[in-house]
Amino acid sequence: MLEHAGFPRLAEASRPLPVTHGEIADFARDPYACMQALRREHGEIAALQEGEQRVYFVFGPEYNRQILTDTQRFHSRFFAIRGPKNSSQRRLTCGLLSMNGEQHKQHRRLVQEPFQKRAIVGYHDSVLGVSEELTRSWVPGTTVDINEEMTRYMLRLTSLIVFGLDCRDLAIRIGELTETWVALNHKVGTTALVSDPSMAEDYERLLEVAVELETAVKEMIAMRRSGRVGFDVLSLLLRAHDVDTTVTDDQLVGHIVLMFGAAHLTSAHSLTWTLFLLSQHPEIMQELHAELETKLQVAPPRPEHLDELTVLDRVLKESMRILPASSFLHRMTAEPVELGPFSLPAGAVVIFSQLMTHHMPELFPEPDRFLPKRWQSIAPSPYAYLPFGGGARMCIGAALGTMQLKISLTRILQQFKLSIPDQAAVNARVMSTMLFPLGRIPMRVERQDGQFSASEVRGNIHRFVTLPDQAARTSKKAA
Ligand code: HEM
């Protein structure tokens, strides 16, 4: 979410600068089109200016590296709406993404326990259990909205991984409240930028939901403290926290809510996009099916299998390259900074984008094509390929998220063949930093039989991906 208030006044420019004059709201309306136009016109660095306000944009690995590694000058200000002092909203937005400098370093160290390799193995059976619930609910021969299904599925899975299987009802209630709270943060953040009259009402609702959410999370913490300790992110955090009490209870609530918010939709969208891309590339689906059959047959994967599924690994990497769930990020300058031809004052907003970087032809030839095989021969730098961000605040849940995605895809595709009805519309939209599947994405669910063919889809997805020609769409399993 963008920090909207207080765009800085301009420093005097002594030479022509790569600046486009327009409406800053253009960016909120269609971030991808706006960034593409700026890059086409100006190259690797540009600014969008409206009156005295400027937002800065950088494109490509070198600037990504500079912004992500210079944490002293480029601060994270993730939440647009911090709420009044001493409010639940203020406390809920005090998680890692609102911390900088030493405080961020210290807290990141203190909350890393649930994301270590040995902890991640411990969540394996929970992920399998929730994925079995999903596949049991699907009836062969029916059509589901895969966007809705993956969003609900990840809501359940994230609730249980973060808050615990044994307090299921409260965990799911917290999950639902967090979902509403995250959506309201996005909505109020965006409407503030385009001055929508409904903003005041949404803001009041946001503050109310924040109170409910904080109360529910505190109830869960109290239950865990009174002895009901499980194997989940919160329990592991509390165990570490009870040894080292540097993190206050309010900060703990902020961290845990941020973790949930950061995990839910990013994972759901990554699953939806991967299943969509596979449904449009029968020959790649065929290869993945063969791998799952050879290495696992119909058995659920064990932790040690995940590293052996190399086709799955390439499919996921390529899906997160071409349709990255986190599509752009932003930072705010903490002090005056020289950036390319610009002298930025303190408080300037700088935007950099995974979606733009991942579609640069000089980094990824034929960037709009879904070509998982490319990963057999490339090893891009961490600032050229960054679906989980990079530098000191690279996603703390990257390994956990990857494990969840791999198990979920494996269990779905071992049991079901998914296809999109011919001429269905598939739309995507970049909204407040994420690449959302927009609206319904229908998928026909059938028992897995290893026979794959693709359909032709409509919609704006063609802006992001070049889908294969009709001629190359059908692949029958060798008899
Ligand atoms: C496919 C899934 C995921 C994607 C694409 C993703 C993406 C990202 C990205 C791009 C960032 C960097 C934000 C920035 O630099 O401003 C980030 C940070 C973060 N993510 Fe994830 N994430 C995913 C899953 C998860 C999971 C499963 C968790 C935890 C349960 C998680 C927790 C966090 C946290 C706490 C941060 C802030 C780290 C910090 O500021 O030090 N994420 N994530």
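Basis for what follows: all heavy atoms, side chains included, without hydrogens, waters or symmetry-related copies. Both counts, for ligands and for their atoms, begin at 1 and track the order of listing.
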> Under 4.0 Å from ligand 1, counting heavy atoms only, is it the side chain of Phe115, its backbone, both or neither?
Replying inline: side chain

> Nearest protein heavy-atom contact for atom 37 (C) of ligand 1: which residue, which atom, what distance?
Replying inline: Leu97 CG, 3.8 Å

>> Strictly below 4.0 Å, N to O, side chains only: are Arg136 and Glu133 in salt-bridge contact?
In response: no

>> Could you tell me if the side chain of His107 sits less than 4.5 Å from the side chain of Val247, heavy atoms only?
In response: yes

> Where's the contact between Pro387 and ligand 1, heavy-atom distance under 4.0 Å: side chain, backbone, both or neither?
Replying inline: backbone

> Heavy-atom contacts under 4.0 Å between Gln404 and ligand 1: side chain, backbone, both, or neither?
Replying inline: neither

>> Among Arg77, Gln354, His330, Arg108, which one puts a heavy atom closest to atom 38 (C) of ligand 1?
In response: Arg108

> Which atoms from ligand 1 have a heavy atom of Ser267 less than 4.0 Å away?
Replying inline: 1 (C), 2 (C)

>> Could you check whether any side-chain heavy atom of Ile461 comes within less than 4.5 Å of a side-chain heavy atom of Trp273, counting everything from C-beta outward?
In response: yes

> CG/Leu275 to CE/Met443 distance, rounded to the nearest 0.5 angstrom?
Replying inline: 5.5 Å

>> Is it the case that the side chain of His42 and the backbone of Leu38 share a donor-acceptor pair, with hydrogens and angles ignored and the cut-off at 3.5 Å?
In response: no

> Hey, looking at atom 40 (O) of ligand 1, which of Met434, Met154, Arg393 has the closest heavy atom?
Replying inline: Arg393

> Under the 3.5 angstrom rule, does the side chain of Asn185 hit a backbone N or O of Trp181 as a donor-acceptor pair?
Replying inline: yes

>> So that I can tick it off, tell me whether Lys317 and Asp313 are bridged by a salt bridge, with the cut-off set at under 4.0 angstrom between side-chain N and carboxylate O.
In response: yes

> Hey, does the side chain of Gln354 reach the backbone of Phe328 with a donor-acceptor pair shorter than 3.5 angstrom?
Replying inline: yes

>> Quick check on contacts: which atoms of ligand 1 are under 4.0 angstrom from a heavy atom of Arg331?
In response: 14 (C), 15 (O), 16 (O)

> Side chain, backbone, both or neither: which part of Met320 comes within less than 4.0 Å of ligand 1 when only heavy atoms are counted?
Replying inline: side chain

>> Please verify the inter-ring angle class for Phe163 with Phe260; under 30° counts as parallel, over 60° as perpendicular, anything in between as tilted.
In response: parallel

>> Which of the numbered atoms in ligand 1 are under 4.0 angstrom from any heavy atom belonging to Leu329?
In response: 13 (C), 14 (C), 15 (O), 16 (O)

List the atom pairs, with distances to 0.1 Å, where a side-chain N or O of residues 365-372 and a protein N or O form a donor-acceptor pair under 3.5 Å, not counting sequence neighbours.
residue : atom : partner : partner atom : Å
Glu366  : OE1  : Arg369  : NH1          : 2.9
Asp368  : OD1  : His359  : ND1          : 2.7

>> Please check: side-chain N/O of Ser326 versus main-chain N/O of Met434, any donor-acceptor pairing under 3.5 Å?
In response: no

> Any idea which atoms of ligand 1 are less than 4.0 Å away from a heavy-atom of Ser270?
Replying inline: 1 (C)

> Which protein N, O or S atoms does atom 21 (Fe) of ligand 1 have within a distance shorter than 2.8 Å?
Replying inline: Cys395 SG

